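Structure, as structure tokens:
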Amino acid sequence: MFETLPGFRDFPPEACSRRNHLFRVFRTVARAFDFKEYDAPVLEPLDLYVEKSGAEIVGQLFHFEDKGNRQVALRPEMTPTLARMVAASANSLPKPIKWFNVGEHFRYERPQKGRGRSFYQFNADLLGESTTAADAELLALLVAIFETLGLGVQDFKIRLSDRNTWIFLLEELGVSEEIRPAVLNAIDKSERRKPEQTIESLEQTMPGKGEFLWDKIQEIKKIDSLDALIGRLKSGNQKADKIIQDWQNITDLLKAHGAYAYITIDLSIVRGLAYYTGFVYEAFEASGKGRALAGGGRYDHLLKKLSGNVDMPACGFAIGDMTLSDCLESKGLLPKYVMTPDLYLIAGLNEQKHGISLVSQARKGGFSTAYSLKSSGFGKQFKDAGKSGARYALILGSEEVEKQNVKIKDLRNATETTVSQKSLLAKLEEFDAEGGIQPA
RNA sequence: GCGAUAGUAGCUCAGUUGGUUAGAGCACCGGCUUGUGGUGCCGGGGGUCGCGGGUUCGAAUCCCGUCUUUCGCCCCA
């Protein structure tokens with residue numbers, strides 16, 4: 001017997017419909033926000049990822065040489081692909097560009113809770129707009145998706161941070177642009193590390209100042225309100241004023257979107273990647289435990305880096321299907337999807353073919369219809385109809401055929417109605433609209 | 001890549017100090033049932049006990065290796 005590869009999942013019908021439920025919500029809500037769906041190959045040139053993330057990334061990719069001696073990789077994320085697509089026609093695309101994708105991604109990592117080697121992501125990106133309105137639009141979309149899935153304020157929170165704030169405050173502490181990435185990286189990892197390890201990293205980056213920096217960083221990480229933040233930034237300085245202005249804008253906009261209740265100001269979020277430039281955020285289950293449900297931020301210089309000539313501000317986020325499914329499951333928000341037909345034909349032995357033509361008619365009318373593929377008695381067919389979960393049974397015996405009728409039985413309350421075969425579809429639609437069959 | 005954990009039917013699990021042909025419940029298929037359904041009763045199919053090697057007269061059971069699962073470390077775009 002063959003098994004799925006480690007970190008990969010099969011999706012038999014029930015799992016598949018749960019997954020599709022997520023996808024349906026992603027698409028519906030994204031369209032409500034006027035985002036356009038796009039798609040792209042899952043296989044890309046390996047260099048696309050090396051260029052963006054550095055050579056270390058190769059160890060985490062599914063990659064190989066194809067028959068044309070090209071180094072290729074299964075996509076581990078969507079952003080480089082998106083950047084390439086947008087850069088290719090940047091001048092002709094109406095701005096702002098609001099695109100989303102639902103797709104499979106691959107990372108060669110150790111499978112763990114909420115993390116596999118194949119997973120699905122919802123990616124939404126907004127390009128060509130540098131104001132905080134774009135960041136707020138994306139955060140509002142993220143919140144709307146979670147709300148539509150049934151999650152509320154008691155279920156999840158979004159930790160919002162800003163790299164510009166960090167850059168400004170680190171500058172004040174004497175952190176130069178050169179060593180800034182290393183310091184931000186250490187801050188990002190400090191969430192998952194012992195303090196001594198972080199101090200050691202900082203000490204290596206800024207000899208003699210590791211302890212000092214860590215003390216200051218901890219102070220900054222504790223900031224959890226707009227007032228505290230403004231107090232720390234102190235207005236008067238032009239740069240500080242701009243940052244304060246951005247925070248005030250995004251706060252006001254998120255309040256207008258009805259999304260602010262989910263937001264926690266939390267500067268401990270910086271995200272590991274060097275390319276983030278402004279607001280960054282991660283969504284977590286309300287308790288804060290577990291992996292991030294979603295994450296994103298602004299990446300104003302990435303297009304330029306990847307394309308070489310197109311410079312365009314951009315921001316975006318991604319939601320992973322595994323952590324999200326786990327979260328929904330634990331809260332009972334993944335109802336058991338049962339795929340059932342609307343109708344089940346029950347026909348006598350001599351009426352089977354006649355019945356199939358009725359089935360065909362019903363199917364063309366948009367009703368999902370099942371019937372027994374082999375000859376069996378009425379009793380057996382009723383049993384199968386019951387097990388199928390169909391709402392109505394269409395009963396066709398010699399009496400009905402003789403009178404050109406068909407009997408419709410509501411399998412939930414056992415009431416029956418006899419209608420002419422000609423009016424079957426109309427009657428079914430009527431029932432459909434009423435939401436049930438009426439007792440005779 | 002490192003550490004721990006587990007692996008018996010599709011699923012959840014029994015399986016005695018190593019001892020005939022490895023069991024149960026659920027699920028699946030059929031019969032009772034050729035004009036009224038999910039219940040009931042009866043029956044059936046399905047396992048090289050993760051895989052390979054070793055110890056033994058004899059291994060699901062003991063030993064070694066390996067693969068896979070789950071959890072943690074690393075990493076987390």
Side-chain angles (χ1 to χ4, degrees), chain A residues 1-10 12-15 48-54 56-61 73-83 105-117 119 121 123 185 188-189 191-194 197 269-276 280 282 290-292 294-297 299 302 306 316-318 320 322-323 326 338 340 344 346-352 372 374-401 406-416 418:
Chain A
M1 269 297 274
F2 290 104
E3 293 171 359
T4 54
L5 289 165
F8 284 74
R9 295 167 288 171
D10 283 331
E14 204 180 296
L48 182 62
Y49 305 109
V50 175
E51 185 68 28
K52 184 199 151 203
S53 308
E56 319 82 62
I57 199 74
V58 176
Q60 319 250 32
L61 296 178
L74 288 168
R75 65 184 180 200
E77 57 166 327
M78 206 62 198
T79 310
T81 300
L82 170 78
H105 298 265
F106 307 86
R107 295 178 187 175
Y108 199 92
E109 297 180 294
R110 190 60 142 199
Q112 256 166 54
K113 189 179 183 63
R115 192 171 78 177
R117 289 181 174 178
F119 54 93
Q121 272 192 350
N123 273 264
N185 197 261
D188 179 48
K189 286 185 177 164
E191 285 281 286
R192 311 182 279 265
R193 274 179 169 179
K194 289 179 187 150
Q197 290 176 287
I269 298 287
V270 292
R271 294 184 67 76
L273 277 270
Y275 62 75
Y276 282 112
V280 289
E282 291 181 358
R291 277 171 205 291
Y299 52 94
L302 187 65
L306 286 175
F317 71 86
M322 296 182 79
T323 43
D326 287 350
V338 189
T340 55
Y344 196 104
I346 294 171
L349 278 187
N350 298 322
E351 291 79 34
Q352 262 192 324
S372 174
K374 52 188 162 193
S375 307
S376 44
F378 275 85
K380 170 84 176 122
Q381 290 187 62
F382 269 103
K383 191 171 266 195
D384 288 343
K387 278 197 285 195
S388 80
R391 177 70 194 275
Y392 301 112
L394 302 182
I395 303 164
L396 189 73
S398 50
E399 301 163 31
E400 285 81 11
V401 168
V406 59
K407 205 182 273 180
I408 304 172
K409 175 170 180 174
D410 187 325
L411 290 169
R412 290 188 208 172
N413 58 20
T415 54
E416 298 183 345
T418 301

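A note on names: the letters A, B, ... follow the listed sequences, proteins ahead of strands, and every chain is numbered from 1. Bear in mind the structure is a predicted one, so any value in this text is a computation, not a measurement.
- A pairwise comparison of heavy atoms in A/Gly295 and A/Arg271 identifies CA-NH1, 3.6 Å as the closest pair.
- Contacts of A/Ser398 with the nucleic acid, taken as non-hydrogen atoms under 4.0 Å apart, include base atoms.
- Taking the 5.5 Å centre cut-off and the 30° plane limit, the aromatic side chain of A/Phe382 is not classed as stacked on B/G37.
- Residues satisfying the salt bridge (Lys or Arg N to Asp or Glu O under 4.0 Å) test with A/Glu51, not counting sequence neighbours, are none.
- Residues A/Lys387 and A/Ala414 each lie close to RNA chain B; by heavy-atom proximity, the contact nearer the 5' end of the strand is made by A/Lys387.
- Spacing between atom CD of A/Gln352 and atom P of B/U34 amounts to 14 Å, rounded to whole angstrom units.
- At whole-Å resolution of the value, CD in A/Glu399 and P in B/U34 are 17 Å apart.
- Both tests do not hold together for A/Arg117 against A/Phe106: distance to the six-membered ring centre under 6.0 Å, angle to the ring axis within 45°.
- Separating the CG atom of A/Leu411 from the C1' atom of B/U36 is a distance of 10 Å, rounded to the nearest angstrom.
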Show me the protein contacts with nucleotides 31-33 of chain B, counting only N or O atoms at under 3.5 Å.
{"residue": "B/C32", "atom": "N4", "partner": "A/Lys383", "partner atom": "NZ", "Å": "3.4"}

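- Taking side-chain N and O atoms only, A/Lys374 has a distance below 4.0 Å to OP1 or OP2 of B/G30.
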Side chain to side chain contact (heavy atoms under 4.5 Å, CB included) between A/Tyr108 and A/Leu61: does it pass, once the steps are laid out?
CA-CA 5 Å; A/Tyr108 199 92; A/Leu61 296 178; 6.0 Å; no
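- Remark: the A/Glu416 side chain and the B/U36 base include a donor-acceptor N/O pair separated by less than 3.5 Å.
- Taking the six-membered ring where tryptophan is involved, the planes of A/Tyr276 and A/Tyr299 are perpendicular, since the angle between them exceeds 60° and thus also 30°.
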Kindly give the atom pairs (protein nitrogen or oxygen, nucleotide nitrogen or oxygen) under 3.5 Å for nucleotides 66-68 of chain B.
none

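- Regarding A/Leu394, its CG atom lies at a distance of 18 Å from the P atom of B/U36, rounded to whole Å.
- One atom, CZ of A/Arg9, and another, C1' of B/U70, lie 16 Å apart when rounded to the nearest Å.
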RNA chain B base-pair string [pairs: Watson-Crick or G-U under 3.5 Å; |: paired with another strand]
((((.((..((((.....[...)))).(((((.......))))).....(((((..]....))))))).))))....
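- Among the protein residues, A/Glu351 comes within range of no part of the nucleic acid, since none of its heavy atoms lies under 4.0 Å from any strand.
- Under the side-chain hydrogen bond (donor to acceptor under 3.5 Å, both in side chains) criterion, A/Tyr49 pairs with no residue, sequence neighbours left out.
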With the sugar-phosphate defined as primed atoms, P, OP1 and OP2, and the base as all remaining atoms, what B/S/- string results for nucleotides 71-77 of chain B, 5' to 3', for protein heavy atoms under 4.0 Å?
SBBBBBB
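- Between B/U16 and B/G72, the distance separating the two P atoms is 33 Å to the nearest Å.
- The side-chain heavy atoms of A/Met322 and A/Arg291, taken from C-beta on, include no pair separated by under 4.5 Å.
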